[in-house]
Amino acid sequence: MWFAVIFGVLIYKLMKGIITPKEFGPDWDSGTKITVAKRLEKIYGGKAFHALRIPDIASGARQSIDIVLLTRRELSIIAVRNFSGILDVGADGGWTLKNSKGQSEKIPNLVEETRGKAAILESYLERRGVALPAGFMSCKVILTNHDCSPLLSVALQPEVLFYDRWMQLNEEAHGGFRSWAKRIFSGMELDTTDKIDKKIRFILDTSPTWDRLELKGNHPIFGEFLGFKGKKEAMDALQVIKRSKVAKIANYKPIMFDFLGGGSTVQLFCSSRDYRHEGPSQIDQLVVNVRTDTEVVFQPIDAKKAQQFKIKKLVSMSLSP
C-alpha cells in the first residue's frame with residue numbers, strides 16, 4: 001500500500017513538473033538575447049558578449065548593453081527587443097509602440113539609445129588602453145518578435161533588423177550564404193590586428209555584467225541578485241555568501257525524498273571570488289546546506305519587480321563583482 005502511495009506521489013510530481021508553465025513570462029527575454037548572441041556567432045563568427053554593464057563617467061551609473069559582437073572587422077553594439085505591436089517614430093523622435101488594443105506606449109528611440117551606449121563603451125575601452133580605429137564600431141537593433149510590425153519610419157533605418165530580415169539572415173546563413181549578413185553587420189573593410197583583438201576580448205571578458213541565474217528547466221535569467229528569504233536557520237547559514245567573496249553558487253541535487261515535499265536540504269557549493277583571474281576560484285570553495293523551502297530573491301532585467309524562486313530549482317548563479 002505504502003509503495004503505491006509513494007509511486008502515486010512520484011507520478012504526480014513528475015507530471016506537475018511537465019505541465020506547469022515556466023516560472024517567468026515572455027517579458028523576461030534573457031533567453032532570446034542568449035539565442036541571438038549564439039546565432040550571430042554562428043553566422044558571422046567572432047565572439048559575442050552579453051548582459052554587460054559598462055561604467056559611464058558622465059552619469060556615474062552603469063549602462064546595460066544586450067550584446068557586443070566582436071569580429072576582426074567590426075565591433076557591433078546590439079539591442080535586442082521582443083516587442084509586440086505596431087512600432088513607429090513619434091513627432092519628438094522617440095518611438096511609440098501600439099498594442100492590439102490600440103493602446104500606445106512611448107519608448108526610447110533604440111537606434112539613438114544604442115549609439116549613445118556605443119560611445120560610452122568606446123570611452124570605456126579607451127580608459128582601459130584600447131583606441132578603436134575610425135569606423136570600427138557600429139550599432140544594430142534586432143526585433144525578434146513576429147508580432148512586431150515596424151512602420152517605414154522604423155523599418156527603413158539601416159540599423160534596424162525587424163523579424164522578417166532577422167529570419168532572412170538566419171535562413172541565408174543556414175544555407176551557407178553570408179554575404180547578406182556581412183552587408184548588414186560590416187560596412188567597413190577594416191581588420192584589427194591580433195594584438196588589438198586580444199586586448200578588446202580581454203577587456204570585454206573582464207567587464208562588469210549582470211548577475212546570471214539559471215533554474216532547472218529554464219533558460220538563464222540576467223538581473224541583480226538581491227538576497228535570500230527563508231527561516232532563521234537558513235538565513236544564518238547563508239550569511240557567509242557575500243558578493244565580495246563569492247563569485248558562483250552551484251546547486252547539487254537535493255537530498256533524497258524531496259519529491260515527498262518534506263524538509264530535505266539543498267547543498268550549495270560556493271566558489272570564492274578570485275580577483276587575480278576575474279572569476280570564481282577553482283580551488284577555494286565552501287559548502288552551505290539549507291532547507292528546500294528557502295528562496296532566492298532576484299530582480300530580472302526585464303521584470304518590473306523582484307521575483308522569488310525556490311532554491312531547490314537553482315542550478316547555478318554567477319555574481320558580478
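This structure is a prediction, so every number in the text was calculated from the model and none was measured.
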Please tell me if the side chains of [X] and [Y] come closer than 4.5 Å, counting only heavy atoms from C-beta onward.
{"X": "Val287", "Y": "Leu268", "result": "no"}
{"X": "Ile311", "Y": "Phe228", "result": "yes"}
{"X": "Gln307", "Y": "Pro300", "result": "yes"}
{"X": "Val246", "Y": "Lys242", "result": "no"}
{"X": "Val296", "Y": "Leu215", "result": "no"}
{"X": "Thr265", "Y": "Val290", "result": "no"}
{"X": "Asn251", "Y": "Val315", "result": "no"}
{"X": "Arg212", "Y": "Ile221", "result": "no"}

What residues, two or more places apart in sequence or in another chain, satisfy ring pair (Phe, Tyr, Trp, His ring centres under 6.0 Å) together with Phe298?
none
Which heavy atom of [X] sits nearest a heavy atom of [Y], and at what distance?
{"X": "Gln267", "Y": "Asn289", "value": "CG-OD1, 3.2 Å"}
{"X": "Ala131", "Y": "Glu126", "value": "CA-CG, 4.3 Å"}
{"X": "Ala155", "Y": "Arg165", "value": "O-NH1, 3.8 Å"}
{"X": "Cys139", "Y": "Ala118", "value": "SG-CB, 3.7 Å"}
{"X": "Lys248", "Y": "Ser316", "value": "CE-CB, 4.0 Å"}
{"X": "Ala37", "Y": "Ile67", "value": "N-CD1, 3.7 Å"}

If you group Ile, Leu, Val, Met, Phe, Trp and Tyr by side-chain heavy-atom gaps below 4.5 Å, do [X] and [Y] land in one group?
{"X": "Val111", "Y": "Phe162", "answer": "yes"}
{"X": "Leu151", "Y": "Phe83", "answer": "no"}
{"X": "Leu314", "Y": "Phe309", "answer": "yes"}
{"X": "Leu75", "Y": "Ile203", "answer": "yes"}
{"X": "Leu319", "Y": "Met235", "answer": "yes"}

Apply side chain to side chain contact (heavy atoms under 4.5 Å, CB included) to the pair Leu40 and Ile78, showing each step before the final yes or no.
CA-CA 11 Å; Leu40 289 173; Ile78 303 167; 3.4 Å; yes
Short side-chain donor-acceptor distance under 3.5 Å, [Y] and [X]:
{"X": "Arg127", "Y": "Ser123", "value": "yes"}
{"X": "Ser138", "Y": "Ser76", "value": "yes"}
{"X": "Thr32", "Y": "Arg81", "value": "no"}

Return all side-chain donor-acceptor pairs below 3.5 angstrom for residues 84-93, not counting sequence neighbours, or 'none' if the list is empty.
{"residue": "Asp88", "atom": "OD1", "partner": "Ser153", "partner atom": "OG", "Å": "2.5"}
{"residue": "Asp92", "atom": "OD1", "partner": "Gly94", "partner atom": "N", "Å": "3.0"}

So, taking the atom named [atom1] in [X] and the one named [atom2] in [Y], what distance separates them when rounded to the nearest 0.5 Å?
{"X": "Gln285", "Y": "Ser272", "atom1": "CD", "atom2": "OG", "value": "8.0 Å"}
{"X": "Arg39", "Y": "Lys42", "atom1": "CZ", "atom2": "NZ", "value": "5.0 Å"}
{"X": "Glu295", "Y": "Lys313", "atom1": "CD", "atom2": "NZ", "value": "10.5 Å"}
{"X": "Gln63", "Y": "Ile65", "atom1": "CD", "atom2": "CD1", "value": "8.0 Å"}
{"X": "Leu132", "Y": "Leu121", "atom1": "CG", "atom2": "CG", "value": "7.5 Å"}
{"X": "Asp197", "Y": "Arg73", "atom1": "CG", "atom2": "CZ", "value": "13.0 Å"}

Donor-acceptor pair, Arg243 side chain versus Phe225 backbone, under 3.5 Å?
yes
Decide side chain to side chain contact (heavy atoms under 4.5 Å, CB included) for Glu105 and Thr96; before the verdict, give the C-alpha distance in whole Å, the side-chain angles of both, and the deciding distance to 0.1 Å.
CA-CA 6 Å; Glu105 175 188 0; Thr96 59; over 6 Å; no
Heavy-atom count around Glu233 CD within 6.0 Å, excluding the residue itself: above 12?
no
Does the side chain to side chain contact (heavy atoms under 4.5 Å, CB included) test come out yes or no for Val141 and Leu143, once each step is laid out?
CA-CA 7 Å; Val141 176; Leu143 306 174; 4.1 Å; yes
Show the atom names and distances, to 0.1 Å, of all donor-acceptor pairs under 3.5 Å that link a side chain in residues 47-56 to residues at least two apart or in another chain.
{"residue": "Asp56", "atom": "OD1", "partner": "Ala58", "partner atom": "N", "Å": "3.2"}
{"residue": "Asp56", "atom": "OD2", "partner": "Ser59", "partner atom": "OG", "Å": "2.9"}

One pair to check against side chain to side chain contact (heavy atoms under 4.5 Å, CB included): Ile200 and Phe136. What are the steps and the verdict?
CA-CA 12 Å; Ile200 297 175; Phe136 186 66; 4.2 Å; yes
Side chain to side chain contact (heavy atoms under 4.5 Å, CB included) partners for Ile301, two or more places apart:
Trp210, Phe222
Who pairs with Asp293 by side-chain hydrogen bond (donor to acceptor under 3.5 Å, both in side chains), at least two apart in sequence or on another chain?
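By the side-chain hydrogen bond (donor to acceptor under 3.5 Å, both in side chains) rule, Asp293 matches Arg291.
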Determine which pairs satisfy salt bridge (charged side-chain N to carboxylate O under 4.0 Å, His left out) with at least one residue from residues 148-163, sequence neighbours left out, and list them in order.
Arg115-Glu159
